[in-house]
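Read through the structure below, which is laid out as C-alpha cells, and then see the notes.
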Amino acid sequence: MMKYKYISRSTGYMCLLCVALLSACKKDFLDKLPQDAISPDVFFNTASDIKTYVNSMYETRTPFYVFNVNPDNSRLDLGSDILIDGVTVTASLNQASATGIAGLESVEDAWRIGYANIRQDNYLFKNATGKVQNTPAANHFMGEGYFFRALDYFNLLKRFGDVPIITDLATDNDAANLYKLRQSRNEVAKQIIKDLDSAIKKLYWKGQGEAVAGRINKEAAIVFKSRVALYEGTWEYYHGLRNTPFAVSGKDGKEFLALIEPAMQELITYQGTRIFRTGNEPYNRLFAQNDMATVDGVFWYRAYDGVKLASSNNFYLKTNDNGPSITDHLVDMYLNKDGSPQSLTTPYSQLNTLSSQLDPRFRQTIFTPDRGPYGKIPGREFGSQNLRYALPALMLSQPGITSTGYRTYKGVVLNAAEVYKGETDDIFIRYEEGLLALAEAKAILGTVTQADLDKTVNVIRARVAMTPMSLTTVQGFPSSAYREDLGFTLGAPNIVNEIRRERTVEFALEGHRLDDIKRWAVYDKVINGYVPKGAQLQEFLDYFNTPSNLTADGFAINGVNFPLLITTGANVNVNAFASSGRINPYFKSSQFQTATSTGFYINPGRDYLTFVPLSQIQLYKAANVRLTQNPGWN
C-alpha cells in the first residue's frame, strides 16, 4: 500500500491560508478570509478539492519533529510525575510548577491558534456542505474535517474548560459569534462528540477507500470518541465527588461514560483482538515501525520519509542520558509478572532484578543493564559516548539535575541510517486506548465483568505474555497495594485503581499521564510534595567504580572515558535518600535534597486549568461583553 506523505510546510497556497489565520487577532480569524486564500466560488467543487483543503489541517494539527530540531516525542510526559528534566525543576519554583505552562505566550497561542483552527474548520463546512456531489470520497474527506474540529475543541477543553462554541462562519457584523460567551465544558464535550459521530458515519475503515496510510479513519474517530467521553466523564465524576472548583454543577459524567461501550463494541466487532505482536519484544517494537500502514491496531499516525528530509525525524536520538528521565513513580507502578503489586511482595530492587521480576513491559520501556552497553546494540552504534555504558552516567557536574538512572528504551530506533533522516512513524491513536477506556468506564459505572477484562485488558497483556487480570484476584488486594501519590484514589474499588495502573504502564511516555491525573482529580495529591527518585545508587557505584565491569564492556582503563562519580562522604548522601538508597536527580536543589523536602507544588484551586488570556478578556471588554476567568486566576 502506498504511504501517504504530508505536504511540506512551505508548499501550496493552503499553507498561506494557515499562516494568515494563525497570525490574525480574534476578530480577524473569526470573520475574515485572507485575500491570498482560496475563493469558495472556484473551489470546493470536487472531493479532490476537499482533500487538498483538509491536507493543511494535518500539517497544523499534528506534531512535526523535523530532523534538525532537538525536541522530539521523548518529552510527551514532561509536566507529569513520571518524567522529569532540568526545565521541570526550574519551573517548579513558580506558579507553573508541573502544569506544563511555559508562560503567558504559550497560553495566548493556545487560545488564538485554537480558534484560528476552528475558523478554518468552519470555513470548510460553510463552503463545501451541499455543494460537492455526495460521493463516498467526498464524505470521507468531510469526515476528516469533522474529526479535526473535534480535536481542536478538545485541545481547548483540556486547557481552558469552558470555552465559546462557534460552529458557524462569522461575518464582519456577527457580534453573536465574534464575542460569544464561554459555554459549559459539558456542552463543549457534547459538541465534540457530535462532530465525532458525524466523522464516524462518513469515514472509511483503515486501508479502505480514501483512508490510506497516515489519514484519519473510522477506527481513529471511534477511539478518539472514547478518549473524549472518558476524559469529560471522569472529570465531571471525580471533581464532583471531591467538590473541587472545577466540578460541573448537576453533572456526574455518567452520560459520557455510557457512550463508550456502544462505540467501542462496534470497533471490537470489527477489529477483534488484532494488535501488533511481531518479534521478541512486540510492545517495544510497536513504536519503532517505519510503516504503520499495515500495523494492527495503529489507527492514526504521521508517516515520515527519510529521503525527503523535510518530512523526516530525529527519533533515533531521543534516548539521551542527559535528557528527560523516568522517575520512581512510573517504576513503582509496574506489577510483578504474576500480577501482584510490588508493594505486597519484595521491596524495590536493582534494575537487573526488576528486569526479570516485573511485567515484561518494564524491560521493554526501560533499558536494563543485563542487555550490556546501550551503544553496542546492533543499530545503536552511533551517538553519545555515554550510551556506550550499560548504565546511564550520573553527571554530577551538571547544574541542578542528573539522570534518575532509568534510560528510556521504549520504541528505540535500531537503525543508525535514521540519524537525522528518520522514517520511524509517530503514533497518535491506537486500539489499546479504546480498550482501556471501555474497561475504565465500566469499572467506574460498576458494571465491569471478567468477560470485559478479557476482551480489553487481557488482550493487551497477552501481547507480552503478562499474567491476565483477574477480577477476583484484584478485588482481594489489600489497601496497602495503593498509594495516593501514585494517582490511586484510596477507598475506590480496587478494579478502578488497577485500570489506572494499567493505563499508566501501557501508555507510559506517550503523553497521557498529565491528562489522567487531572481528570481523576488527583493532580495535587500526586504532585504536591513530590521529591522524584531514581534507581538504586549503589548499583551505579558498583558498576562505574569496578574496573572489571568497564573492561568487560570494552573500555580501556585510561581514566578518559569514565564518567564522574563521587563515591565517598557526604556527597553520596545528597545523591541518594538514606531510607531507600535511590538516586536523587535534583541533588543540588534544596527543594529536593531530602525525602522530606518541599518538592513540587501546584495550586489545587487553580492549576487544573490554565488562565483565559487577558488579551481576550480585554478584547471582549472593549465590546462591552464580559469574558469570565477560570477559578483561582482572578
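Predicted model, so just to flag it, every value in this text is computed and none were measured.
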With a 3.5 Å distance limit and no angle check, can you tell me whether [X] reaches the backbone of [Y] through a side-chain donor-acceptor pair?
X	Y	value
Lys206	Val298	yes
Arg215	Val212	no
Asp81	Ile527	no
Arg582	Gln536	no
Asn352	Asp370	yes
Asn217	Ala220	yes
Lys337	Ser356	yes
Tyr301	Asp291	no
Tyr316	Gly379	yes
Asn290	Asp425	no

Minimum heavy-atom distance between [X] and [Y], given as atom pair plus value:
X	Y	answer
Ser312	Asp305	CB-O, 3.7 Å
Ala437	Ser226	CB-OG, 3.8 Å
Val331	Phe362	CG1-CE1, 3.9 Å
Leu286	Val295	CD1-CG1, 3.8 Å
Leu436	Ile499	O-CG2, 4.1 Å
Glu232	Leu157	OE1-CD2, 3.9 Å

Notebook entry, point to check: Relative to each other, are the rings of His140 and Tyr204 parallel, tilted or perpendicular (30° and 60° limits)?
Noted result: tilted
Margin query: Students often mix this up, so state it plainly: with edges at 30° and 60°, are the rings of Trp300 and Phe147 parallel, tilted or perpendicular?
Written below: perpendicular
Note to self: With side chain to side chain contact (heavy atoms under 4.5 Å, CB included) as the criterion, how do Ile427 and Gln289 come out once you've worked through the C-alpha distance, each side chain's angles and the decisive distance to 0.1 Å?
What the structure shows: CA-CA 10 Å; Ile427 301 173; Gln289 298 299 303; over 6 Å; no
Taking NZ, NE, NH1 and NH2 as the nitrogens, is one of them in [X] or [Y] under 4.0 Å from a carboxylate oxygen of the other?
X	Y	answer
Glu144	Arg61	no
Arg75	Asp85	no
Asp515	Lys158	yes
Arg302	Glu59	yes
Lys218	Glu266	no
Asp359	Arg501	no
Asp296	Arg277	no
Glu432	Arg463	yes
Arg371	Glu281	yes

pair [X]-[Y]: side-chain heavy atoms closer than 4.5 Å:
X	Y	answer
Glu506	His512	no
Thr234	Glu440	yes
Phe507	Asp516	no
Arg430	Met292	no
Leu486	Arg500	no
Thr489	Lys525	no
Arg380	Leu414	yes
Leu267	Glu219	yes

Are side-chain N/O atoms of [X] and [Y] paired as donor and acceptor at under 3.5 Å?
X	Y	result
Tyr543	Asp553	yes
Ser355	Arg363	yes
Lys455	Gln265	yes

Next item on the list: Please assess Glu418 against Thr424 for the test side chain to side chain donor-acceptor pair (under 3.5 Å), listing each intermediate value before the final yes or no.
Entry: CA-CA 8 Å; Glu418 289 219 352; Thr424 300; 2.9 Å; yes
Item checked: Check against side chain to side chain contact (heavy atoms under 4.5 Å, CB included), Leu351 and Leu391 -> CA-CA 10 Å; Leu351 284 167; Leu391 288 168; 3.8 Å; yes
Check: Centres of the Tyr231 and Phe256 rings: under 6.0 Å?
Finding: no
Item checked: Partner set under salt bridge (Lys or Arg N to Asp or Glu O under 4.0 Å) for Glu433, not counting sequence neighbours -> Arg227
Next item on the list: Sequence neighbours left out, what passes salt bridge (Lys or Arg N to Asp or Glu O under 4.0 Å) with Lys225? Give chain and number order.
Entry: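 By the salt bridge (Lys or Arg N to Asp or Glu O under 4.0 Å) rule, Lys225 matches Asp197.
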Distance from [X] atom [atom1] to [Y] atom [atom2], nearest 0.5 Å?
X	Y	atom1	atom2	result
Ile84	Asp77	CD1	CG	13.0 Å
Met57	Arg149	CE	CZ	10.0 Å
Leu509	Leu330	CG	CG	6.5 Å
Leu435	Ile268	CG	CD1	5.5 Å

Checklist line | Tyr334, Tyr406, Tyr530, Phe488 screened by ring-ring contact (aromatic ring centres under 6.0 Å, His included) with His329, the one that passes | finding: Tyr530
Check: Where do Tyr270 and Ile222 land on the side chain to side chain contact (heavy atoms under 4.5 Å, CB included) test, with the steps shown first?
Finding: CA-CA 12 Å; Tyr270 179 81; Ile222 291 174; over 6 Å; no
Margin query: Less than 6.0 angstrom from the centroid, inside 45 degrees of the normal: does Arg519 satisfy that with respect to the ring of Tyr608?
Written below: no
Note to self: Set out, in order, the CA-CA distance, both residues' side-chain angles and the distance that settles side chain to side chain donor-acceptor pair (under 3.5 Å) for Thr504 and Arg513, then state yes or no.
What the structure shows: CA-CA 7 Å; Thr504 305; Arg513 178 64 172 176; 3.1 Å; yes
Next item on the list: Evaluate the side chain to side chain contact (heavy atoms under 4.5 Å, CB included) criterion for residues Ile583 and Thr404: first the C-alpha distance (whole Å), next the side-chain angles of each, then the deciding distance (0.1 Å), finally the verdict.
Entry: CA-CA 6 Å; Ile583 294 168; Thr404 59; 5.5 Å; no
